[in-house]
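Lettering of chains follows the sequences in order, A, B, ..., and the numbering in each one begins at 1. The basis for the numbers below is simple: all heavy atoms, side chains too, and nothing from hydrogens, waters or symmetry mates.
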Amino acid sequence: MTKLYSKKSTIILFILPAFILFVAILVAPIFASGYYSLFNWNGFGKKTFIGLENYRELFTSDSINFMKALGNAMLLAAFSVFIQLPISLGLALLLGRGGRKGERGFLSIYFIPVLISTVVIGQLWLKIYNPDYGVLNVALRAIGLEKWAKIWLGDEKTALGAAFVPILWQYVGYHMLLMYAGIKSVPPEYREAAMIDGAREGQVNRFIVIPMIKPIIKISTIFAVTGSLKSFDLIYVLTNGGPDHATEVPSTLMISMLFLRNRYGMGSTIAFLLIFLCFFFALLIGFAFRDKEVVA
Amino acid sequence: MRKFKLMSLLLALVMIVSSITACGKDDGKTADGKTKLTMWCIATESDSNRHAYEEAIKEYQAAHPDVEFTWEATQNEEYKTKIKAAVASNEMPDIFFTWSCAFLGDFVDAGRVYCVDEVYKKYASELPAVMMGNVTYDGKYYGVPTTMNIVGMFCNMKILAEVGYNEVPGTYDELIECCDKLVAAGYIPFGCSGKETWCVTEYLESIIEKTAGATALNQIFAGKASWDNADVSKAVGIFQEMIDKGYFDPSGIALGNDEVKANFMAGKYAFYMNGTWNCADFAKSDIADSVKVAEFPVIDSSKSKLGELIGGPSDTLAVAASSKNAEVAAEAAFELGKAICHYGYLDGNGLPAWTPNYDTSSLNALTVAVADIVAKSSQMVLFGDTAMSADRANIYLDYVSKIYSSKINGEEFVNGLVKDIK
C-alpha cells in the first residue's frame, strides 16, 4: 500500500478529481468573468469586444456609481472589524474562561442567528424597522422619544446604518464561536501560572490569551472583511440597495447590472473586481498579522 | 490488488457511461410517450391571477391527456432575474410568462423565442391583430397576450365623503382641493411604495401624460424624442409639489407595494394609483363597497385630454425556441392565454386581450368601470419600464426614485436622463 501511495501516477489520480472540481468551480468562473468583462453583452445576444471600457465606465459613470457601493462595503468592513469582532472577542473571552454557569446555553443562544436563514432574519428586521408598527418606533414613542422615531430603511440618512445592524448582529455568534474554540485551546497551565504570579483576569486575557489566538483573530478578520465586500442577502431583503442607492453594495449593484439592466459585461466586471478585492484584502490582512503571530 | 484496480476502473466507467446516456436521453417525452411541457409564470399564491392560471391549466390538462404539463410560479421581481438567467443559459421552460415590448424584445433579438405566426392564424378571429402589436418584432409574432391593464386611480369614497365629496374629483384643480381638505382633516391622500420604483412610475407617468400629452410621452419612451422636454420637467415639479404638500404617506418610501396596497384596503389612504389588475382584490376586500376607479385628471388641456391612458397589453406567454415540443407548446400557449384571459377578466384582473365570447354579467363593478374608461380611450402609453430596453428602463427608474425622495428636481431629472440614456 505504501508503495502504491508513493507512485506519482497514484498521487495524481487521487488529486485529479479535486483538482478538476477546483478548476471548474473556482478558477474557470474567475477567468470567465474576466473574459466577459471585456465585452458589451446583454447576456444572451451578440457580444461586442470593448476592451477595458467597462472598467472605465464603472469608475466614472454616475448612473452606476460603483464608488458609492464600494464605499458602503468598506464602511461595513470597518464596522465589522472594529465593532463586530471586538464584541465577538469579548463574548468569547467571557465564555471561554470556563466554569461559568450556562456556558453551553449562552454559546447556543449567540450562535442561533447564524443558523437562521438570512431571509427570515431580513423579514424579522423589516418588521422591527416598520415605520408604523415596528417595535423600534413603538418603543421610542412609548418612552416619549417620538421625534427619534424614523422611517429607518426609507431615509437615506438612516438606511445604511439600519441595514448594517442586522448584518453585524447576525455574525457576532459566528466569530465568537471561532474565537471561543481558540481560547479553549489555550493550555490552562499558562493561565494558572499567570494568576499565581498575580495577574488579573484582564491581564491574562490581554497578555496571554489574545496573543495566543491571533491566528484565529486573523482568520476572523479575513472573513469579516471579505464577507463585507461580498455582502448581499440581507441588504437585498431589507432595502434592495435603496433608497436611491444609499445602501448599495457591490453585490447588489452586480445583480442589478446582470439581471435588471441586462449588462452582463458590466456585471462580470464588478464580479471580477470583487474577486480581486477579496484576494487583495485577504493577502493584506495576512501580511499585517504575519510577524505578530505567536505559535501556540 | 490488480483485481481491485480493475474492478474500480470498471465501476467508474459504468458510472460515466450511465450519466452520459442519462444526459442525452431527454427528448421532450415521458417514459410512457407523453409530451412534456413546462411553464414558468408569476402567478404565485398571493397573485390576483393565481385562480385564472389554475383554472386555465386544469382545463388544458383535461383536454390534453397526452401532455404532461408542469408549471411553477415565482414572485414578480425574482421572476425577472430568473427568466433572464434562464434565457442567458438557454435553459428556458417550454412556455414562459413575459412582459411585452422591450422586455420580450431582448429575448427575441437573441433568437431565444419561438415565432408563433403559424399558430396565430388559427386563433386570429378571437385575438385581434391590434392586441398583438406589443409582441410583434420585424413583422412577426412572438407571444400570446393574455390580459391588458391600465393605471387606475382607485378612490376610497368613504374617506372622500368625510371631506364632502360624493364623486371622484373630475378635474385637476378639484383633486388638489380635495387633497388639501383631506390633509387638513388628518387623512393621507395617496399611498405609494418607494421600495418598488415601478409603483412611483404609476403616478409620475400619469402626471407626465396629463401634462405633456400621450403622443409626447410615447415618442420619448420609444427613443424618438428627447427627455429634454419642458412639460416633463413641469410634470415632475407638480408631482414633487404634491409630495411636499403632504399628499403622500411618508412611510411609503420604505414599504413594498403589498404593504401599501394593504394600507389602502385598511382605509389608510383616500387614493391609490396602480394597475387595474388590483380590481379583483379590491372587489373582494372590506372596502369593496366604497372603492371607485377613475383616470387621473387632465393637467394641461392644451396638450392632453381624458382618454389618454398609461397601460396596454403587456402580460404575455411566449415559447422558447429551444423547446423540444415548440409547436405543441405554441398551441398550448394560445389555449392557456385564452383561458387565462377568460378567467382573469371574470375575476377582475384586467381587461381581455381576447374577444370575450362568454357571459360577463358576473364582472365586478370596478372592472366594468375600467372597461368603460378603456372603451372611451383615445391613446395609450405602455408602462415606461416595459416600453424601454432593460438598461434604459433601469436608468429611468433610478431617476424616478430620486424624484420620489426629492433628491432632484424636474430639470435635473430631464438633464440626467438626457446625459445617461444614450
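Interface remark: B:Asp109 contributes no atoms to any contact with chain A (heavy atom separation under 4.5 Å). Using a 4.5 Å cut-off between heavy atoms, B:Thr81 contacts chain A through both its backbone and its side chain. Contact of A:Leu238 with chain B is made through the backbone alone, with heavy-atom distances under 4.5 Å.
Note that the CG atom of A:Asp62 and the CD1 atom of B:Ile395 stand 11.0 Å from one another [nearest 0.5 Å]. In this structure, CD1 on B:Ile421 lies 9.0 Å from OG on A:Ser63, to the nearest 0.5 angstrom. The line from CG of A:Asp132 to CG of B:Asp249 is 6.5 Å long, rounded to the nearest 0.5 Å. Note that the CZ atom of A:Phe44 and the CG atom of B:Asn90 stand 11.5 Å from one another [nearest 0.5 Å].
Residues of residues 264-277 of chain A lying within less than 4.5 angstrom of chain B, judged on heavy atoms, are absent. Listed in order of number, the residues of residues 247-263 of chain A that approach chain B to under 4.5 Å between heavy atoms are A:Phe259, A:Leu260, A:Arg261, A:Asn262, A:Arg263.
Counting heavy-atom pairs closer than 4.5 Å to chain B, the top-ranked of the candidates A:Asn130, A:Asp244, A:Leu126 is A:Asp244.
Taking the side chain as every heavy atom from C-beta outward, B:Leu255 and A:Pro131 approach each other to under 4.5 Å.
Contacts classified as salt bridge (charged side-chain N to carboxylate O under 4.0 Å, His left out) and involving residues 252-261 of chain B (residues at least two apart or in different chains) are given here: B:Lys261-B:Asp281.
Not counting sequence neighbours, B:Asp385 has no partner by the salt bridge (Lys or Arg N to Asp or Glu O under 4.0 Å) test.
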